[in-house]
K.L.:
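Dropping the structure in here first, questions after.
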Amino acid sequence: MKQTWFKLICQKEQLQLLGTLNGGQSFRWKFTEAEGDKKWIGVFSDHVWVLKQTDDCILYQVYGSENSEDFYNKLLSNYFQLNLDLKEKFAEWSSKDPIFEKAASQFYGIRILKQDLVENIFSFICSSNNNISRITGMVEKLAKFYGEKICELEDQTYYSFPKIDSLADDKVESVLKKEGFGYRAKYINQSAKIIMQEGGEKWLDDLKKLPYEESKSKLMTLTGIGPKVADCICLMSLGHLGTIPIDTHVYQIARKFYMPHLPKRKTVTAKIYKDIGDHFRELYGPLAGWAHTVLFCADLKKFQTDEN
DNA sequence: CAGGTC
DNA sequence: CCTGG
């Protein structure tokens with residue numbers, strides 16, 4: 001059966017799929033290229049999406065339900081937060097920071113994804129002291145073992161991200177340990193149990209309503225979630241766009257280009273964490289987390305040789 | 001040592 | 001501390 005191609009009007013300057021989907025925000029997108037045909041395949045909102053980009057629109061297919069273009073456009077628009085005019089913001093951040101201006105000329109259209117809260121919590125528990133390729137494999141395993149099958153496509157089976165109750169099952173820790181999750185197996189299972197115990201869906205809904213500092217503290221009551229991971233979740237799932245997660249990479253960039261007085265350490269201390277965050281919030285303002293994500297993408301090695 | 005946390 | 005490059 002042939003799947004319909006839908007169309008979402010969106011200028012290339014407003015959204016760059018490469019930097020946005022491959023920048024380490026989500027671990028569920030794969031890029032494929034066959035005979036010059038470039039596509040992104042990924043999962044969000046319990047659907048499988050195939051995306052193609054042209055100069056003025058996103059062409060896409062959806063698997064997982066039968067619905068209207070208007071309905072799907074709204075899901076995409078929400079996921080990419082297209083209500084925010086990025087050209088305007090880039091101009092503003094560029095005027096405040098020449099380093100940003102230089103990075104922005106090459107890395108336009110990088111957006112913060114509005115990601116599902118549960119998926120983000122467990123994906124970023126996997127991220128600590130880990131590398132992107134292993135994190136990706138772990139997230140895929142979580143979906144395969146505990147999610148629901150959505151569809152098969154080009155020899156691949158796609159699954160939704162699991163519900164919390166399925167991750168709270170007593171057997172989960174030993175299964176994940178056997179699957180190579182290491183010490184994160186326990187964090188995942190325990191965090192799921194805590195969320196269920198504290199009210200499940202209600203705990204999650206409350207989290208979305210709280211101001212930044214309180215939602216961060218609440219997230220840190222889970223296991224495997226410290227300041228950095230909590231900030232990732234605040235930035236990417238709770239809409240706190242001023243939040244700047246400080247990992248070793250961001251710390252290196254900050255020390256190299258912005259704050260040469262910072263001491264050289266192998267781990268980011270609480271004071272360094274706060275100083276860097278404050279510096280960038282002072283520089284960029286209320287959407288500092290978004291601006292920092294653009295800088296971070298620009299510095300990733302994999303983009304340095306890519307003409308896109 | 002890898003996008004930290006206990 | 002788990003595990004993989």
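Chain letters run A, B, ... following the sequence lines, proteins first and then strands; every chain starts at 1.
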K.L.:
Please tell me if A:Thr248 has a side-chain N or O lying less than 4.0 Å from either OP1 or OP2 of B:dG4.
P.N.:
yes
K.L.:
Side-chain donor-acceptor pairs under 3.5 Å in residues 230-240 of chain A, sequence neighbours left out?
P.N.:
{"residue": "A:Asp231", "atom": "OD1", "partner": "A:Tyr212", "partner atom": "OH", "Å": "2.7"}
{"residue": "A:Asp231", "atom": "OD1", "partner": "A:Lys216", "partner atom": "NZ", "Å": "3.4"}
{"residue": "A:Asp231", "atom": "OD2", "partner": "A:Lys216", "partner atom": "NZ", "Å": "3.1"}
{"residue": "A:Asp231", "atom": "OD2", "partner": "A:Tyr273", "partner atom": "OH", "Å": "2.6"}
{"residue": "A:Ser237", "atom": "OG", "partner": "A:Gln115", "partner atom": "O", "Å": "2.9"}
{"residue": "A:Ser237", "atom": "OG", "partner": "A:Asn120", "partner atom": "OD1", "Å": "3.4"}
{"residue": "A:His240", "atom": "NE2", "partner": "A:Ser215", "partner atom": "OG", "Å": "3.3"}

K.L.:
Under 4.0 Å, heavy atoms only, any strand: does A:Pro245 hit a base, just the sugar-phosphate, or nothing?
P.N.:
nothing
K.L.:
Which residues satisfy the salt bridge (Lys or Arg N to Asp or Glu O under 4.0 Å) test with A:Asp205, sequence neighbours excluded?
P.N.:
none
K.L.:
Look at the side chain of A:Arg28 and the backbone N and O of A:Ile41, then say whether any donor-acceptor pair between them is shorter than 3.5 Å.
P.N.:
no
K.L.:
According to side chain to side chain donor-acceptor pair (under 3.5 Å), who are the partners of A:Asn78, at least two apart in sequence or on a separate chain?
P.N.:
none
K.L.:
Specify the residue among A:Phe27 and A:Thr223 whose closest nucleotide of DNA chain B lies further upstream toward the 5′ end.
P.N.:
A:Phe27
K.L.:
Whole angstroms only, please: what is the CZ-P distance between A:Arg265 and B:dG4?
P.N.:
17 Å
K.L.:
From CD1 of A:Ile272 over to P of B:dG3, roughly how many Å is that when rounded to an integer?
P.N.:
18 Å
K.L.:
Return whichever of A:Ser133 or A:Ser128 has its heavy-atom-nearest nucleotide of DNA chain C closer to the 5' end.
P.N.:
A:Ser128
K.L.:
Whole-Å distance between B:dC6 C1' and A:Leu222 CG?
P.N.:
14 Å
K.L.:
Nearest whole angstrom, please: distance from the C1' of B:dG4 to the OH of A:Tyr273.
P.N.:
10 Å
K.L.:
Decide side chain to side chain donor-acceptor pair (under 3.5 Å) for A:Tyr284 and A:Asp97; before the verdict, give the C-alpha distance in whole Å, the side-chain angles of both, and the deciding distance to 0.1 Å.
P.N.:
CA-CA 8 Å; A:Tyr284 296 125; A:Asp97 176 16; 2.6 Å; yes
K.L.:
Which pairs pass side chain to side chain donor-acceptor pair (under 3.5 Å) with one or both residues in residues 122-142 of chain A, sequence neighbours excluded?
P.N.:
A:Lys30-A:Glu140, A:Asn130-A:Arg134, A:Asn131-A:Ser133, A:Lys141-A:Glu179
K.L.:
Students should find this one: the first and last nucleotides of DNA chain C, 5' to 3', lying under 4.0 Å from a heavy atom of chain A. What are they?
P.N.:
C:dC1 to C:dT3
K.L.:
Check salt bridge (Lys or Arg N to Asp or Glu O under 4.0 Å) between A:Lys177 and all other residues, then give those that pass, not counting sequence neighbours.
P.N.:
A:Glu173
K.L.:
Just grab all the salt bridge (charged side-chain N to carboxylate O under 4.0 Å, His left out) pairs involving residues 182-199 of chain A, residues at least two apart or on different chains.
P.N.:
A:Asp170-A:Lys193
K.L.:
Grab the CG-C1' distance between A:Asn130 and B:dG4 for me, whole Å please.
P.N.:
10 Å
K.L.:
Output the rounded distance in Å from CD1 (A:Ile125) to P (B:dA2).
P.N.:
21 Å
K.L.:
Given atom CZ of A:Phe124 and atom P of B:dG4, what is their separation to the nearest angstrom?
P.N.:
11 Å
K.L.:
Establish, from distance only, whether the side-chain atoms of A:Arg111 and A:Gln14 form a donor-acceptor pair under 3.5 Å.
P.N.:
yes
K.L.:
Under the side chain to side chain donor-acceptor pair (under 3.5 Å) test, which residues partner A:Asp247, sequence neighbours left out?
P.N.:
none
K.L.:
So A:Ile225, base contact, sugar-phosphate only, or nothing? Heavy-atom distance under 4.0 Å.
P.N.:
sugar-phosphate
K.L.:
What integer distance in Å separates A:Leu235:CG from B:dG3:P?
P.N.:
18 Å
K.L.:
For residues 109-122 of chain A, which residues have at least one heavy atom under 4.0 Å from DNA chain B?
P.N.:
none
K.L.:
Can you tell me which residue pairs pass the side chain to side chain donor-acceptor pair (under 3.5 Å) test with a partner in residues 153-168 of chain A, sequence neighbours excluded?
P.N.:
A:Lys39-A:Glu154
K.L.:
Take A:Val229 and A:Asn129, find for each the nucleotide of DNA chain B with the closest heavy atom, and name the residue whose nucleotide sits nearer the 5' end.
P.N.:
A:Asn129
K.L.:
Sequence neighbours left out, cut at 3.5 Å: what donor-acceptor pairs do the side chains of residues 88-95 of chain A make with other protein atoms?
P.N.:
{"residue": "A:Lys89", "atom": "NZ", "partner": "A:Glu92", "partner atom": "OE1", "Å": "3.3"}
{"residue": "A:Glu92", "atom": "OE2", "partner": "A:Lys96", "partner atom": "NZ", "Å": "3.2"}
{"residue": "A:Ser94", "atom": "OG", "partner": "A:Phe90", "partner atom": "O", "Å": "2.7"}
{"residue": "A:Ser95", "atom": "OG", "partner": "A:Glu92", "partner atom": "O", "Å": "2.6"}

K.L.:
B:dG4 base to A:Tyr183 side chain: any donor-acceptor pair below 3.5 Å?
P.N.:
yes
K.L.:
If you write DNA chain B from 5' to 3' in dot-bracket form, with Watson-Crick or G-U pairs under 3.5 Å, [ ] for crossing pairs and | for pairs with another strand, what do you get?
P.N.:
||.|..
K.L.:
Would you classify A:Gly226 as touching base, sugar-phosphate or nothing, given that sugar-phosphate means primed atoms plus P, OP1 and OP2, and contacts are heavy atoms under 4.0 Å?
P.N.:
sugar-phosphate
